[in-house]
Amino acid sequence: MSPTIGILALQGAVDLHASALARLDIEAVMVRTPTQLDTVDALILPGGESSAMSKLLVLNGLFDPLQIRLHDGMPALGTCAGMILLAAGVLDGRADQRSFAAIDIDVRRNAFGRQNDSFETELELPEIGEVPIHAVFIRAPVVERTGAEVEVLATIDGDRPVACRQGAVIVTSFHPELADDLRVHELFLAGVAA
Amino acid sequence: MAVKKAAVTKSAAKKAPKSKNVVHAQPVRETGTQLVKRGLADMLKGGVIMDVVDPEQARIAEDAGAIAVMALERVPSDIRRDGGVARMSDPEMIEGIKAVTTIPVMAKARIGHFAEAQILQSLGVDYIDESEVLTPADEAHHIDKWAFTTPFVCGATNLGEALRRISEGACMIRSKGEAGTGNVVEAVRHLRSILGDIRKIGTADSAELFEWAKQLQAPLPLVQEIARTGTLPVPMFCAGGIATPADASLVMQLGAQAVFVGSGIFKSEDPSRMARAIVEATANFNDPDVLAKVSRGLGDAMPGLEIGSLETKLADRGW
């Protein structure tokens, strides 16, 4: 049986990830409760506001069960806010902001500035092929520290990591769900299947 | 979409020596594109945007899990009570709010007042609301929103109004409702009108779309796009009259993708609790058990107003 993919559906661009998966013939499960979490084999943490999502994870009783699943090795894809939630450390976050440490990186929130500095660009991401990916950065975070186990998949400005992988966990500063390119989702699904 | 320039060639990126004398060719970065502007609206889906009048309220809103705050001098219910001309907020006050929050900060400009919008863009707010809650500055024209890097949200009472705003460059639509009343009836009317017409267009044949465009006084290509996709081309949020967690759930179930709460939070008895309850209700809008739990013991919601008793209907502003 093919693995069940969930999308953390507390807030954010949940629908865009769902339609990206739908284009790959995958019907995703919306995850808002621990019971729903139990039914999935892998989870996408979408873009949105990480501070609000972090709060809702606790209020919905999802934080601890999800932390256990992630530490047990559940594959996960985190985009933008999702990357912040999966990180080990968050800089410029709120004091009460919690994250899962599912990947050994520290990230800085809003590292490129406010909305007027949000941008789209072509980004080299060799792991998905030679053609650069069209990457949309919205009030985006950047990776400031990577642990020894972490692979940097893409950088911007020469040396600032914006896509990383550790085992079956992939994170991106940008929003693959906003462009038509499905290769990041495919890369994640390949890791889930492996 | 605008021009896409090719990225630096792989060999150049890999082989160029790291020396201060070498200028590396960087892939072009485009700011202020439609994708970037609509993208932020996409990220706000499922959340609550709260009106705040000072840094302390902004902190309460963010603590409660707001996904953005709307900085303004007076909440709509006070504007309604005080009367007079309501204008853009003092930049100092907006900056004070920006300084204490990590979430996006929005601010309002008067309808047609592009100079206020230019000031808000210069202040670096994350979204500009061209809002009927303020006194209109132009009785015929809305702002040409394509001219800005900062994205705009606009109100609408029906689909034609929504599509005219989108054709002027708005990247997010909010149904207007009737701000400052604590009465959700107008929000429901506007939401049903917009979403009902979208559903009808979805079943229209290609010849009927011309008549739809004429009736709505909206650009034909946008009407055709709705017929093709079955949705508005930009995210659609709800505003104007939401005062309880149940109100938030109602409009989300009707099809709103996020909610704006104005006077409903800081005019209630316990703003901090009400704010958190509306955040939880919006995220779990389909789960009556959660709604029952968060609706308990919130104290008084803001005092409400009958629509028939209003001297001014703010929703009538805008053309």
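Fair warning: this is a prediction, and the values are worked out from it, not measured in the lab. Below, chain A is the first sequence line, B the second, and so on; all start at residue 1.
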Open item on the list: Show, in sequence, the C-alpha distance, side-chain angles and deciding distance for A:Leu59 and B:Arg276, and conclude whether the side-chain contact (heavy atoms from CB on, under 4.5 Å) test is met.
Closed with: CA-CA 10 Å; A:Leu59 290 170; B:Arg276 199 174 58 231; 4.1 Å; yes
Task: Heavy-atom pairs under 4.5 Å with chain B, option from A:Ala9, A:Ala135, A:Ala52 with the top count - done: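 Going by pairs under 4.5 Å, I would pick A:Ala52.
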Task: Reference residue B:Thr102; test side-chain hydrogen bond (donor to acceptor under 3.5 Å, both in side chains); the match among A:Arg109, A:Glu49, A:Arg139 - done: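 Among the candidates, only A:Arg109 passes.
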Flag side-chain contact, heavy atom, 4.5 Å: [X] against [Y]:
{"X": "B:Pro151", "Y": "A:Gln115", "answer": "yes"}
{"X": "A:Leu16", "Y": "B:Asp42", "answer": "yes"}
{"X": "B:Asn284", "Y": "A:Arg32", "answer": "yes"}
{"X": "A:Ser51", "Y": "B:Ile103", "answer": "yes"}

Chain A heavy atoms under 4.5 Å from [X]: which part of the residue, side chain, backbone, both or neither?
{"X": "B:Val294", "answer": "neither"}
{"X": "B:Ala41", "answer": "neither"}
{"X": "B:Val125", "answer": "backbone"}
{"X": "B:Gln121", "answer": "both"}
{"X": "B:Ala68", "answer": "neither"}

Task: For chain B, which residues of residues 169-189 of chain A have heavy atoms nearer than 4.5 angstrom - done: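 So far as heavy atoms go, A:His175, A:Glu177, A:Leu178 are the residues that approach chain B to under 4.5 Å.
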Task: Main-chain N/O of B:Met43 paired with A:Gln11 side-chain donor or acceptor, under 3.5 Å - done: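 Yes.
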For [X], which atoms come within 4.5 Å of any heavy atom of chain B: side chain, backbone, both, or neither?
{"X": "A:Asp15", "result": "side chain"}
{"X": "A:Asp92", "result": "backbone"}
{"X": "A:Arg114", "result": "both"}

Open item on the list: I need the B:Asp289 CG to A:Thr33 OG1 distance, nearest 0.5 Å.
Closed with: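 So the gap between those two atoms works out to 11.0 Å.
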TODO: Output the distance between atom OG1 (B:Thr150) and atom CG (A:Asn116), rounded to the nearest 0.5 Å.
DONE: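 If we round to the nearest 0.5 Å, B:Thr150:OG1 and A:Asn116:CG are 3.5 Å apart.
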Task: B:Asp63/A:Lys55 salt bridge by N-O under 4.0 Å criterion - done: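 Looking at A:Lys55 and B:Asp63, the cut-off is not met.
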Open item on the list: Looking at B:Arg29 and A:Asp117, is there a salt bridge between them, counting it only when a charged N and a carboxylate O are closer than 4.0 Å?
Closed with: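 Salt bridge: no.
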Result block: side-chain N/O donor-acceptor pairs under 3.5 angstrom for residues 37-44 of chain A, not counting sequence neighbours:
unit_1  : atom_1 : unit_2  : atom_2 : d
A:Thr39 : OG1    : A:Gln36 : O      : 2.7
A:Asp41 : OD2    : A:Thr4  : N      : 2.6

Task: Candidate list A:Phe112, A:Phe119, A:Phe137, test side-chain contact (heavy atoms from CB on, under 4.5 Å), partner B:Thr31, passing option - done: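 Among A:Phe112, A:Phe119, A:Phe137, the one meeting side-chain contact (heavy atoms from CB on, under 4.5 Å) with B:Thr31 is A:Phe119.
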TODO: Can you establish whether the number of heavy atoms outside B:Phe285 located under 6.0 Å from its atom CZ is more than 12?
DONE: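 Atom CZ in B:Phe285 is packed in, count exceeds 12.
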Task: B:Glu92, CD atom: more than 12 neighbouring heavy atoms under 6.0 Å - done: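 12 or below, so no.
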